[in-house]
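Chain naming here is simple, since letters A, B, ... match the order of the sequence lines and numbering starts at 1 in each. Given the structure is predicted, the values throughout are model-derived calculations rather than measurements. Computation of the quantities below employed the complete heavy-atom set of this structure, encompassing side-chain atoms and omitting hydrogens, waters and symmetry-equivalent molecules.
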2 protein chains.
Amino acid sequence: METTSRLLERQGYHGTGLNQIVRESGAPRGSLYYYFPEGKEALVAAAIAEQGDRMRRFASTILSEIEDAVEAVDRVVERLIEFFSVSEHCGGAPLAAVALETSASSTRLRTTCADAYKGLIDAFAQKLTQAGYPLQQAQALATTVVASIEGAVILSRTQQSTSPMEQVRAALRTLLTQARAERQG
Amino acid sequence: METTSRLLERQGYHGTGLNQIVRESGAPRGSLYYYFPEGKEALVAAAIAEQGDRMRRFASTILSEIEDAVEAVDRVVERLIEFFSVSEHCGGAPLAAVALETSASSTRLRTTCADAYKGLIDAFAQKLTQAGYPLQQAQALATTVVASIEGAVILSRTQQSTSPMEQVRAALRTLLTQARAERQG
DNA sequence: GTCTATATAGAGATAGAC
DNA sequence: GTCTATCTCTATATAGAC
């Protein structure tokens, strides 16, 4: 499943074959349909759900370590940029490709992706709410944080540069600071 | 190529077969390799480039019709939300799936996507620059606009709801207004 | 320019031995 | 639980007639 997640991230659902997964993971070919009798879709759904959890924990951990909400979110983005740099410009958006490819064809994968994203958004929203942002605004800002990160990864991957992610990072600082000012004013 | 673009948008590169393209478009099967001797990759590259142009023209037209920059950008997003609603929750990010799937495997498709995105970002950056935003800030904001839209489409598609796009729309208003205030202050 | 037929490879999935 | 062999389907691409 680790291999599955990694391949999905850079090749998407249809671009990732079971043969390749078996080959690169070294997992026994015969076990695949023993543990996932429903086949590829079930395997991918499990991998996606696991990745969603990983993303949420990654964000939650950092958000809990830094008290100031703006600084905490900024630190998450900074860490993502670091991760992107060392992953040969391919990391940071493990769900996006699958979400786009399958949202129209597989309810199961679509909802799995939706749940994963919701968990991640909630992690940010919770932090912002605790920091005093009004509930509705916190939710919208959290959604925007996740959306702009996902989009920034797309741009950074196509350009093979961290520049888009850096630019979005700066913009998110401005946005969250501004929202805080409105709240306080 | 119209059919190709449409299928790419909702199925991605590997999920879209030449058979399906030929079948749904009604285009003569024999012509495909006459006009695109290099095969699928060349056809997709052409479709992507065309879509990039379409996106840029779409944005440029609206941006030129409304003088105020914040209102103009907001109108673009509003129109995208309308388009998303009537496209059975599958429209709005015609390049994203291909960009993610192929950025690691095909230099040709990656750079084609990069150029398309750059053209779109430039359209926004030009508008913001003309409105008086400093050059560097305009570039960063334009990148953030495009990134957050792409990300919002991903979220809206997985959730089958316009809500993420609406939330991002509101956030972009806040962001651009704040940046303007900083510039004026 | 467009047709049909086909080559070749790979996909996902299954069967039955062990 | 895991193996190998194989089924069927579809993929991209090509050949050669018209």
TODO: Would you please say whether a donor-acceptor pair under 3.5 Å links the side chains of B:Thr174 and A:Gln178?
DONE: no
Open item on the list: Any non-hydrogen side-chain atom of A:Gln11 less than 4.5 Å from a side-chain atom of B:Leu100?
Closed with: no
- [ ] Using whole Å, report how far CG of A:Leu32 lies from C1' of D:dC3.
- [x] 14 Å
Task: side-chain contact (heavy atoms from CB on, under 4.5 Å) evaluation trace for A:Glu41 with A:Leu109 - done: CA-CA 7 Å; A:Glu41 194 182 18; A:Leu109 290 177; 4.0 Å; yes
TODO: Inspect the contact between B:Glu82 and B:Arg75 and indicate whether a charged nitrogen and a carboxylate oxygen are less than 4.0 angstrom apart.
DONE: yes
- [ ] Might you confirm whether atom CD of B:Gln20 has over 12 heavy atoms from other residues, nucleotides or ligands at distances under 6.0 Å?
- [x] yes
- [ ] Return no unless some side-chain N or O of B:Tyr35 is found under 4.0 Å from OP1 or OP2 of C:dT2.
- [x] yes
- [ ] Compare all side-chain heavy atoms of A:Leu155 with those of B:Glu150 and state whether any distance is below 4.5 angstrom.
- [x] no
TODO: Using whole Å, report how far OH of A:Tyr34 lies from P of C:dA13.
DONE: 19 Å
Task: Contact letters for nucleotides 11-18 of chain D, in which S counts primed atoms plus P, OP1 and OP2 and B counts the base, heavy atoms under 4.0 Å - done: SBBB----
- [ ] Considering just the side-chain nitrogens and oxygens of A:Ser31, establish if one lies under 4.0 Å of OP1 or OP2 belonging to D:dT2.
- [x] yes
TODO: Identify, residue by residue, the members of residues 43-51 of chain B with a heavy atom below 4.0 Å from DNA chain C, and return them in order of residue number, or none.
DONE: none
Task: Test: B:Arg54 and B:Glu50 ion pair at under 4.0 Å - done: yes
- [ ] Would you sort out whether B:Arg173 and B:Glu71 count as a salt bridge (Lys or Arg N to Asp or Glu O under 4.0 Å), showing the intermediate values?
- [x] CA-CA 8 Å; B:Arg173 281 194 76 100; B:Glu71 295 302 326; 2.6 Å; yes
